[in-house]
Structures are given as structure tokens and as C-alpha cells.
Protein chains: 2
Amino acid sequence: MDIDRGSLPRAEAEEYASWFKALADATRIQIVSLLARRREPMSVGEIVAVSGVGQSTVSHHLKILAEVRFVLVERQGTSSLYRINEACVSCFPTAADVVMGNPAPAAPACE
Amino acid sequence: MDIDRGSLPRAEAEEYASWFKALADATRIQIVSLLARRREPMSVGEIVAVSGVGQSTVSHHLKILAEVRFVLVERQGTSSLYRINEACVSCFPTAADVVMGNPAPAAPACE
DNA sequence: GCGCTTCATCGATTATCGTCGATTCTCGAT
DNA sequence: ATCGAGAATCGACGATAATCGATGAAGCGC
């Protein structure tokens with residue numbers, strides 16, 4: 001395919017797709033949004049208590065979000081503390097701009 | 001769940017999720033990006049010729065993109081002309097900002 | 001009307017996803 | 001060493017998705 005000329009290169013499109021896929025679920029969006037608003041780390045238990053789904057499900061979602069580095073994790077004692085990846089806060093909307101053909105304002109890659 | 005306090009309301013999260021889901025595929029990202037760069041309408045055949053997947057698959061992807069109104073369609077004679085929805089060009093990156101907890105610069109809802 | 005082009009839809013196949021309950025693992029405390 | 005709490009992993013389930021080939025429907029030219 002030579003859609004790459006006139007569009008995005010396939011490799012770039014696939015990376016963006018993995019980002020959007022990570023947010024293609026309402027529960028994950030709420031988790032990211034929650035962590036983004038409180039800038040402080042939260043334990044899995046706190047997120048479970050507020051998320052409306054089971055613990056294993058939350059853990060699964062957090063793993064997906066961590067794989068694309070939307071969230072960062074740090075083990076502390078018996079609990080895992082998750083926090084938003086500040087870099088993504090500015091770089092992810094920029095990716096949306098790129099897909100939509102907008103001139104990227106600034107912000108290069110995400111870390 | 002009362003994740004709605006401190007995060008996004010569930011209904012809003014679900015709407016955003018449907019948007020991100022529409023772009024959770026590299027082929028669809030390339031199609032959107034292609035239509036966004038050429039601002040002119042393209043026929044399905046043109047997109048197929050450049051997309052690397054079959055005609056029925058492209059038609060399927062275009063339907064998904066049209067359902068969330070990222071693209072608009074207009075039948076002309078025997079062919080269907082798809083074009084980018086200009087409103088989404090600015091409003092979709094804003095949605096990304098909202099999810100990431102950024103203060104939305106301006107741009108209200110996408111019609 | 002007939003055929004051709006263009007696109008949408010159908011049916012089937014295969015793969016991926018969200019969720020759950022149960023289990024396992026890792027700590028810290030006793 | 002044992003226990004208990006917190007979190008990750010496993011196995012399974014139904015649901016959804018991506019892709020294809022084939023078929024169907026709409027419009028144009030002859």
C-alpha cells in the first residue's frame with residue numbers, strides 16, 4: 001500500500017492506534033481521567049473502590065494503560081501506586097492533532 | 001460507582017470511548033489522516049486503491065468512521081464520496097485534552 | 001432493456017476484548 | 001514461620017471486531 005504518501009506512515013498509524021485502543025473503553029477513560037485530575041498516585045484498592053468493577057478487572061485495565069505508558073506504576077510495600085504519566089498529558093492531544101492533519105503546535109514524541 | 005466525582009461522568013466517558021474506538025485501528029487512522037490532508041472528497045475506489053485491504057473492508061471501515069461522524073458521505077452518481085468532517089478536526093483533539101485533564105482551550109461539543 | 005461500474009451488505013471465519021471468580025504471588029506484621 | 005492484606009495472574013465466558021469472498025442493489029452509457 002502506498003497510502004503512506006498523502007497519509008500517515010503505517011508504522012506511525014499503528015503506534016497511534018495502540019494509544020487510541022488503550023482509551024477505547026469507558027472504564028479506562030475514567031481511570032485515566034481520575035489519575036490526571038488528582039495528580040497524586042492512587043493505589044489499586046482506591047481505584048477499585050470508585051470504579052464500579054472488580055479488582056481483577058481494574059488490575060487488567062491498569063496493565064493496559066501502563067503498557068502504553070499512559071500511567072506509571074511504583075510498588076510501595078504491599079500496594080501498587082499508579083499515577084498519570086505527565087508526558088502524555090500534553091503529548092497525547094498532540095497525537096490527535098497529527099491524525100487530524102493539524103500542524104503539530106510543538107511537543108515532539110512522548111519521552 | 002461514584003468515580004464520576006473526580007473523574008469524567010460515565011456518559012461522557014462512553015462517548016469519548018466510542019470516538020477513540022473508531023480510531024483504534026491503524027487502517028482507519030490512515031483513512032482519516034488521508035481524508036484530512038486532502039480536504040477534498042474521495043471515492044471508495046480511490047481509497048481502496050491506496051489502502052492495501054479489500055473493497056468490502058474499506059467500506060466497512062468507512063461506515064464505522066461515518067457513524068461517529070469523523071467522515072461525511074455524499075452519494076454522487078454511482079460512487080460515494082467521503083470527506084473529513086471539518087468540525088472533528090478541531091474538536092477531537094479537544095476531547096483528548098478533556099480526558100487528560102487539560103483545561104479545554106475553547107471549542108465546545110462537536111455539533 | 002442490457003451490461004458495466006461502483007459501492008454496500010451478507011455470511012463465515014478467526015481473533016481480540018471486557019468481565020468475572022478463583023488462584024497465586026508479594027509483602028509486612030505478628 | 002505463619003498469617004493476612006493487597007495486587008497480579010489464570011481460565012473461562014459471552015460479546016465484539018477485522019477481514020474476506022460472494023452476493024445484491026443502484027446508477028450510467030449504450
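Residue numbers begin at 1 in each chain, while the letters A, B, ... track the order of the sequences.
Mapping heavy-atom proximity under 4.0 Å, the span of DNA chain C touched by chain A runs 5' to 3' from C:dC17 to C:dG28.
Nearest to the side-chain atoms of A:R75 among the listed nucleotides D:dT19, D:dA8, D:dA5 stands D:dA8. Distance from the side chain of A:S59 is smallest for D:dA8 among the nucleotides D:dA5, D:dA17, D:dA8. Closest contact between the side chain of B:H61 and the listed nucleotides D:dG21, D:dA8, D:dT19 involves D:dT19. Nearest nucleotide to the side chain of B:H60, out of D:dA18, D:dG6, D:dA7: D:dA18. Of the candidates D:dA8, D:dG21, D:dG6, the closest approach to any side-chain atom of A:S80 belongs to D:dA8.
Rounded to whole angstrom, the span from the CG atom of A:L62 across to the C1' atom of D:dA7 amounts to 10 Å. In this structure, CD1 of B:I31 is placed 13 Å from C1' of D:dT19, rounded to the nearest angstrom. Between the CG atom of A:D25 and the P atom of D:dA15 there is a distance of 17 Å, given to the nearest Å. Rounded to whole angstrom, the span from the CD atom of B:E67 across to the C1' atom of D:dA18 amounts to 15 Å. Atom CG in B:L65 sits roughly 13 Å away from atom P in D:dA17 (whole-Å rounding).
Under a 3.5 Å cut-off, the side chain of B:N85 and the backbone N or O of B:R69 do form a donor-acceptor pair.
The shortest non-hydrogen separation linking A:T27 to A:D25 is N-OD1, 2.9 Å. A:A13 approaches B:Q30 most closely through the heavy-atom pair CB-CG, 3.6 Å. The shortest heavy-atom contact between B:P93 and B:C88 is CD-O, 3.8 Å.
Close to D:dG6, at under 4.0 Å from its OP1 or OP2, lies no side-chain N or O of A:Y82. OP1 or OP2 of D:dA7 lies within a sub-4.0 Å distance of a side-chain N or O belonging to A:S43. Here A:K63 reaches the OP1 or OP2 of D:dT9: one of its side-chain N or O atoms lies under 4.0 Å away.
Recorded end-axis angle for the helix from C:dG1-D:dC30 to C:dT30-D:dA1 stands at 20°, based on five pairs per end and rounded to 10 degrees.
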Does A:L81 form a side-chain contact (heavy atoms from CB on, under 4.5 Å) with A:M42? I'd like the steps, not just the answer. CA-CA 5 Å; A:L81 299 183; A:M42 294 181 68; over 6 Å; no
Practice task
Show your reasoning for whether side-chain contact (heavy atoms from CB on, under 4.5 Å) applies to B:L23 and A:V99.
Solution key: CA-CA 9 Å; B:L23 292 185; A:V99 169; 4.3 Å; yes
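B:S56 comes within 4.0 angstrom of a nucleotide base, judged by non-hydrogen atoms across all strands. Within 4.0 Å of A:S79, counting heavy atoms only, lie sugar-phosphate atoms of the nucleic acid but no base atom.
The distance between the ring centers of A:Y82 and A:F70 does not fall below 6.0 angstrom. In summary, the aromatic rings of A:F92 and A:Y16 are positioned with their centroids too far apart to meet the 6.0 Å limit.
Along DNA chain C, the nucleotide nearest to A:Q76 and the one nearest to A:I64 differ in position, and the one closer to the 5' end is contacted by A:I64.
Taking 4.5 Å as the limit, every side-chain heavy atom of B:R28 sits out of range of all side-chain heavy atoms of B:L62.
The 12-atom threshold is not exceeded at CZ of A:R39, counting heavy atoms of other residues, nucleotides or ligands nearer than 6.0 Å.
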